[in-house]
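This report concerns only the one structure given below.
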Amino acid sequence: MTKTFRQFAAIPYVLWLLLFVIAPLALIFYQSFFSIDGTATLANYLTYFTNWTYLKMTFNSIVFATIITVVTLVIAYPTAYFLQKTKHKELWLLLLILPTWINILLKAYAFIGIFSHDGSVNQFLTFLGVGPQQILFTNTSFILVAAYIELPFMILPVYNAIDDISDSYIVASRDLGASRWQTLTRIVIPLSMSGIKSGVQAIFIPSLSLFMLTRLIGGNRVITLGTAVEQHFLVTQNWGMGSTIGVVLIIMMIILMRLTTQRKGRH
């Protein structure tokens, strides 16, 4: 009876996977073998791997995703480490999670106002005597906004990994004469590597396909594969080429997940 109930309860989950995961992926893969006029062809893949424009987009996407991931990790790890040692952890975690409830479009427009020529940042620079600077529509503004938006998704897994470390390891390292820095680098960081890997997955994978922020914050000066997919599906109507880029993105994501997935040794 229990086995039958489990099989019945799994039906909604299986249907969800089939309709919203497997079917869309299969359609993207199928559509990638058709040209803009509906002819079956391998030209899309040939164009992608031989055209310098697409190769440059791929390189830009990887570079931007890497920088965003590194920036968020550099900020998130100390934040999670000190957060784990503070009182009222639940309150601080709630404050960190709250920005994720705000629509990304609203946050993007808020930063447009902050980084604009007459925005608060340039007003502060003018007050210091530096004068207004071109901050909006630059690579720097794009990286800062993307890192800010995705920062909670790095902090949370790192915090959970650090919080799971037994205090006995820390006490033992201190008893053996280890300094705070040695305890951090040789005990805490290695034992929290699973959280770092989860955070890298949560940041790097979405960063590969960002397209809205590249338009609103980067001003189309930041060109990534996500931007190319949007252009092909919504502007040029070349769904085959857009699907081809989508397949490449999926393969890149699978490779990253394989590289960062925690492997358990055999006993």
Side-chain angles (χ1 to χ4, degrees), residues 59-102 107 111 121 124 135 138-210 213 224 252-267:
F59 178 76
N60 287 340
S61 298
I62 295 174
V63 169
F64 280 118
T66 301
I67 295 174
I68 293 169
T69 303
V70 171
V71 170
T72 55
L73 179 59
V74 169
I75 299 173
Y77 200 94
T79 302
Y81 181 77
F82 289 109
L83 180 63
Q84 194 271 336
K85 297 181 178 297
T86 59
K87 296 181 180 179
H88 311 296
K89 301 176 185 179
E90 293 78 8
L91 175 61
W92 288 110
L93 283 173
L94 178 62
L95 293 176
L96 287 171
I97 294 173
L98 277 177
T100 64
W101 298 354
I102 302 174
K107 288 188 280 190
F111 274 104
V121 173
F124 181 70
I135 303 174
T138 62
N139 293 346
T140 302
S141 63
F142 168 71
I143 292 170
L144 289 176
V145 174
Y148 164 78
I149 291 175
E150 298 181 356
L151 184 60
F153 303 105
M154 178 68 80
I155 293 177
L156 291 177
V158 173
Y159 170 82
N160 289 330
I162 295 176
D163 194 50
D164 287 339
I165 299 175
S166 175
D167 292 336
S168 61
Y169 291 107
I170 310 300
V171 174
S173 68
R174 300 282 175 80
D175 290 341
L176 293 172
S179 64
R180 289 178 178 269
W181 177 251
Q182 289 173 327
T183 301
L184 175 63
T185 56
R186 298 187 181 185
I187 303 296
V188 178
I189 292 179
L191 291 178
S192 61
M193 193 57 64
S194 61
I196 295 176
K197 291 180 178 180
S198 297
V200 168
Q201 289 182 2
I203 303 300
F204 190 89
I205 291 176
S207 298
L208 280 175
S209 55
L210 287 174
L213 291 182
T224 63
M252 293 170 64
M253 294 173 186
I254 292 174
I255 293 173
L256 176 69
M257 292 183 68
R258 291 287 298 174
L259 292 175
T260 56
T261 298
Q262 190 76 9
R263 293 178 175 83
K264 298 182 179 179
R266 295 181 179 179
H267 298 284

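Computed from a predicted structure; not experimentally measured.
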- Heavy atoms only: give me the nearest I97-W101 pair and the separation to one decimal. CG2-NE1, 3.6 Å
- Hey, could you give me the CZ/CD1 distance between F64 and I67, rounded to the nearest 0.5 Å? 6.5 Å
- Which heavy atom in L96 sits nearest to a heavy atom in T100, and how many Å separate them? O-CG2, 4.5 Å
- Applying salt bridge (Lys or Arg N to Asp or Glu O under 4.0 Å), which residue pairs with at least one partner in residues 167-190 are found, sequence neighbours left out? none
Side chains of residues 141-166: which donor-acceptor partners sit under 3.5 Å, not counting sequence neighbours?
residue : atom : partner : partner atom : Å
S141    : OG   : I135    : O            : 3.2
S141    : OG   : T138    : N            : 3.2
S141    : OG   : T138    : O            : 2.8
S141    : OG   : T138    : OG1          : 3.3
E150    : OE1  : S207    : OG           : 2.9
E150    : OE2  : S207    : OG           : 3.4
N160    : ND2  : L156    : O            : 3.2
D163    : OD1  : Q84     : NE2          : 3.4
S166    : OG   : S168    : N            : 3.3
S166    : OG   : S168    : OG           : 2.8

- Side chains of S192 and Y77: is there a donor and an acceptor less than 3.5 Å apart? yes
- Have a look at L73 and tell me which of I203, I196, I68 forms a side chain to side chain contact (heavy atoms under 4.5 Å, CB included) with it. I196
- Roughly how far, to the nearest 0.5 Å, is CD1 of I189 from OG1 of T183? 11.0 Å
- Cation-pi check, K85 to Y81: give yes when NZ or CZ is under 6.0 Å from the six-membered ring centre and within 45° of the ring axis, no otherwise. yes
- Side chain to side chain, I170 and V188, heavy atoms closer than 4.5 Å: yes
- Item | Closest non-hydrogen atom pair, P99 against K107 | O-NZ, 2.9 Å
- Task: Using modelled atom types only, decide if a donor and an acceptor are shared between the side chain of T224 and the backbone of L210 within a distance under 3.5 Å.
- Result: yes
- Test item: L256 and L208 side chains (from C-beta on) under 4.5 Å apart, heavy atoms: no
- Note on the structure: Taken to the nearest 0.5 Å, the spacing of L98 CG from L93 CG works out to 11.0 Å
- Minimum heavy-atom distance M252-I62, with the two atoms named: CE-CG1, 3.5 Å
